[in-house]
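Computed from a prediction, not measured in an experiment: that's the story for all the values here.
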Amino acid sequence: MMNKPLCILLAAAILAMVPSCTPDETDRVAIAYRHVKPAWGGHFGKPVFIRIVKEKRELELHVKEKDEKSWRLLKTYPIAGMSGTLGPKQAEGDFQAPEGFYEVYPNALNPRSNHWLAFNVGYPNGYDRSLGRTGSYIMVHGGDSSVGCFAITDPAIEEVYTMVDQALKAGQRCVPVQIYPFEMTPQRMRQEQDSPHIEFWRYLQPGWQFTHTRHAPFQPEG
């Protein structure tokens, strides 16, 4: 018969091998849902789209409520970390954050990111590839620093990630992510007419104008 001190030591050893957290407590998505659902649960499953304005360092989350024809801005988040300057991403390792029209599909969500939660915006898209642009793993993620991606802090990514996740699970085919260098008003475009990026920005400008006037995400051809 095993003596009492040995039993105690054996029990302690077994307990030490058991994780101290339940699966829910170690699941980042479950943690995010617990944080977000009390205030945002009424929006879960509704279509969303994201617009980023690099110059303002802002990420906008738009939602289409049930029975509403137009979308509305639900919340604006400061971008805490972003590298590069105004202008498109051209090549792997150039430290630029991209500009353009992108789409987030279910397989783009990363619940095990080095930056808490993250999702891939889909760079390079077909237009980027047609121009020979390269790069990979351009994310919207947590934290406050980033090289080539968009860091929006952990509390913010919990909200945005959860809304994107729920929209996709509810049947939204993909979540549009539209990234602009600045507010692309006619006046500002005239100010940038000597920029080496002006032709590319003219390609983007109709998307900005469409959302401004229609309150809906722009759908580029192709």
Side-chain angles (χ1 to χ4, degrees), residues 11-53 57-68 71-83 97-98 101-123 125 135-179 217:
I14 292 171
L15 287 172
M17 297 171 65
V18 177
S20 60
C21 296
T22 66
D24 269 357
E25 290 172 332
T26 59
D27 183 336
R28 299 178 188 181
V29 177
I31 291 169
Y33 270 75
R34 287 203 298 272
H35 291 164
V36 175
K37 189 173 182 179
W40 290 59
H43 299 294
F44 281 4
K46 294 172 181 175
V48 295
F49 89 89
I50 291 166
R51 185 169 73 169
I52 294 172
V53 185
R57 296 177 72 92
E58 289 182 349
L59 181 149
E60 301 171 354
L61 179 65
H62 297 251
V63 65
K64 188 176 184 182
E65 301 287 2
K66 186 177 180 181
D67 300 326
E68 291 186 8
W71 301 63
R72 69 182 179 90
L73 176 62
L74 187 62
K75 189 169 181 178
T76 299
Y77 300 88
I79 294 174
M82 181 183 71
S83 63
F101 308 119
Y102 301 96
E103 296 175 333
V104 176
Y105 291 88
N107 62 0
L109 275 66
N110 182 3
R112 294 176 293 277
S113 168
N114 291 333
H115 303 280
W116 190 234
L117 297 169
F119 55 86
N120 194 317
V121 302
Y123 173 91
N125 60 22
S136 56
Y137 303 110
I138 303 300
M139 317 290 282
V140 174
H141 61 69
D144 59 7
S145 62
S146 186
V147 177
C149 301
F150 302 95
I152 60 172
T153 76
D154 291 353
I157 194 61
E158 287 189 346
E159 293 181 356
V160 177
Y161 183 103
T162 298
M163 290 293 289
V164 169
D165 185 37
Q166 279 291 294
L168 293 170
K169 286 178 176 175
Q172 186 172 353
R173 186 179 69 88
C174 63
V175 172
V177 176
Q178 305 190 340
I179 307 172

S83 side-chain N/O to G148 backbone N/O, donor-acceptor pair under 3.5 Å:
yes
Nearest-0.5 Å distance that lies between atom CG in D144 and atom OG1 in T153:
8.5 Å
Does the ring center of F150 lie less than 6.0 Å from the ring center of Y77?
no
Inspect the surroundings of OH in Y137 and state if more than 12 heavy atoms from other residues, nucleotides or ligands are less than 6.0 Å away.
no
Can you tell which of Q166, K75, E158 makes a side-chain contact (heavy atoms from CB on, under 4.5 Å) with W40?
K75
Here the gap from N120 atom CG to C149 atom SG, rounded to the nearest 0.5 Å, amounts to 8.0 Å
What one should report as the nearest heavy-atom pair of M139 and N110 is CE-CB, 4.2 Å
When V140 is tested against each of V164, I50, I152 for side-chain contact (heavy atoms from CB on, under 4.5 Å), which residue passes?
I152
Does a sphere of radius 6.0 Å around CZ in R72 hold more than 12 heavy atoms from other residues, nucleotides or ligands, not counting ones at 6.0 Å or beyond?
yes
Closest heavy-atom contact between S146 and H141?
OG-NE2, 3.2 Å
Do the side chain of R51 and the main chain of H62 share a donor and acceptor less than 3.5 angstrom apart?
no
Start with the C-alpha distance between M163 and L61, add both sets of side-chain angles, then the distance that settles side chain to side chain contact (heavy atoms under 4.5 Å, CB included), and finish with yes or no.
CA-CA 9 Å; M163 290 293 289; L61 179 65; 4.0 Å; yes
What distance do I157 atom CD1 and T162 atom OG1 have between them, rounded to the nearest 0.5 Å?
9.0 Å
On a heavy-atom basis, the closest approach of P217 and Q178 is C-NE2, 4.0 Å
Specify the closest pair of heavy atoms between S145 and H115, including all atoms of both residues, with the distance to one decimal.
O-CE1, 4.4 Å
Evaluate side chain to side chain contact (heavy atoms under 4.5 Å, CB included) for I31 paired with W116, printing each intermediate quantity in order.
CA-CA 11 Å; I31 291 169; W116 190 234; 4.0 Å; yes
Which heavy atom in G45 sits nearest to a heavy atom in A170, and how many Å separate them?
O-CB, 3.3 Å
Is it true that a side-chain atom of Q172 and a backbone atom of V48 form a donor plus acceptor pair closer than 3.5 Å?
yes
Mind listing the closest non-hydrogen atom pair of N125 and F101 along with its distance?
ND2-O, 2.8 Å
Evaluate the side-chain proximity of E60 to F49: yes if any heavy-atom separation is below 4.5 Å, no if none is.
no
Between V160 and F119, is any pair of side-chain heavy atoms under 4.5 Å apart?
yes
Taking D154 for the side chain and G143 for the main chain, is one N or O donor matched with an acceptor at less than 3.5 Å?
yes
Step by step, work out the side chain to side chain contact (heavy atoms under 4.5 Å, CB included) result for Y102 and I138.
CA-CA 11 Å; Y102 301 96; I138 303 300; over 6 Å; no
Side chain proximity check, L117 to L109, heavy atoms < 4.5 angstrom
no
Just verifying a value: how many Å separate D27 CG and R112 CZ, rounded to the nearest 0.5 Å?
9.5 Å
